[in-house]
Amino acid sequence: SEAWGIACLRYEIRDIRLPTRVHEAMQMQVEAERRKRAAILESEGVREAEINIAEGKRKSRILASEAERQEHINKASGEAAAIIAVADARARSLQAISKSLAHTDGRNAASLTLAEQYIVAFEKLAKSNNTMILPSNPGDVTGLVAQALAVYNSVSKQGFALPPQSNEQQQHLKKNVEYNQLSEEKNAVKINIE
């Protein structure tokens, strides 16, 4: 161009014709790069999905175990409260009976109740079993009542003295003391939970 008096300051390439093999190689490289990026993105998606599923299972197991634990605590506290209520009711009834037995009318009422229970026991024996053990004169109701009263009077004359405690009774008392301690601890735990 200098021979013609023209000075080129810049060039612009408008079209490049590459050999077909180079062109195909470049296309393959671009496609491989795209496939690589797609595989990476897909594997990252699978990884994230598996992490989410594992975390979901972990949280659900934790919540289920906490729910089961709370259920056991609630059930145990309910059973303990029921046992305490029954024991309290039994203690109150025994105190009321002991107060009423201190009076003459109370002893007479206890004698009547004992006689009634004695007769009802014989009635149940007659209904449930084929073989019965009867007193010598079962037709004499007054004799049955007198026999029941004699049993009551022999017990009441002894002044309701408690017999010496056996090992089994001592263990039972020890379990009652342990149970009272556990119920106190349970109440303390229940207060802390609330």
Side-chain angles (χ1 to χ4, degrees), residues 1-98 117 120-121 124-125 127-130 162-194:
S1 62
E2 287 179 2
W4 296 326
I6 300 171
C8 287
L9 300 176
R10 73 181 163 205
Y11 298 93
E12 182 179 340
I13 300 172
R14 289 193 172 191
D15 190 16
I16 297 177
R17 294 190 185 196
L18 297 172
T20 55
R21 285 191 168 184
V22 173
H23 189 28
E24 287 174 3
M26 289 173 68
Q27 279 297 100
M28 287 172 59
Q29 185 179 4
V30 169
E31 285 179 23
E33 191 66 32
R34 284 186 192 138
R35 273 188 257 132
K36 174 185 163 191
R37 275 190 250 130
I40 289 170
L41 289 175
E42 185 178 350
S43 67
E44 285 178 356
V46 169
R47 178 175 149 257
E48 289 292 323
E50 288 179 357
I51 288 171
N52 288 342
I53 290 170
E55 284 181 0
K57 286 181 181 177
R58 177 179 157 267
K59 286 181 181 177
S60 94
R61 285 181 184 160
I62 289 170
L63 290 175
S65 67
E66 287 177 358
E68 186 177 353
R69 175 180 162 265
Q70 190 62 41
E71 181 183 357
H72 286 305
I73 289 171
N74 291 344
K75 187 176 180 182
S77 64
E79 289 175 358
I83 291 170
I84 290 170
V86 169
D88 286 344
R90 179 75 175 148
R92 285 189 203 126
S93 69
L94 289 175
Q95 286 175 351
I97 290 170
S98 68
Q117 289 176 352
V120 168
K124 287 182 181 176
L125 276 175
K127 286 183 180 177
S128 62
N129 293 333
N130 292 337
L162 293 174
Q165 293 182 350
S166 65
N167 286 339
E168 184 178 323
Q169 291 171 332
Q170 289 175 354
Q171 288 175 352
H172 183 68
L173 287 175
K174 185 177 179 182
K175 285 181 183 177
N176 284 342
V177 170
E178 289 174 358
Y179 172 76
N180 290 336
Q181 290 173 346
L182 285 175
S183 65
E184 289 173 5
E185 290 175 7
K186 177 199 66 92
N187 289 335
V189 169
K190 186 176 179 183
I191 291 169
N192 290 339
I193 289 172
E194 291 173 352

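- Screening Arg35, Met28, Glu33 for a side chain to side chain contact (heavy atoms under 4.5 Å, CB included) involving Glu31 leaves a single residue, Arg35.
- Taken from CZ in Arg21 to CD in Glu24, the straight-line distance is 8.5 Å, to the nearest 0.5 Å.
- Atom CD of Glu48 is surrounded by more than 12 heavy atoms from other residues, nucleotides or ligands within 6.0 Å.
- For Gln29, the CD atom sits in a loose shell: 12 or fewer heavy atoms of surrounding residues, nucleotides or ligands are nearer than 6.0 Å.
- Glu68 CD to Arg61 CZ: the interatomic distance, rounded to the nearest 0.5 Å, is 13.5 Å.
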Quiz item: Taking it one step at a time, do Glu50 and Ile53 satisfy side chain to side chain contact (heavy atoms under 4.5 Å, CB included)?
Solution: CA-CA 5 Å; Glu50 288 179 357; Ile53 290 170; 5.5 Å; no
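- Of the options Glu71, His72, Gln70, a side chain to side chain contact (heavy atoms under 4.5 Å, CB included) to Asn74 is made by Gln70 and by none of the others.
- Rounded to the nearest 0.5 Å, atoms NZ (Lys57) and NZ (Lys59) are 15.0 Å apart.
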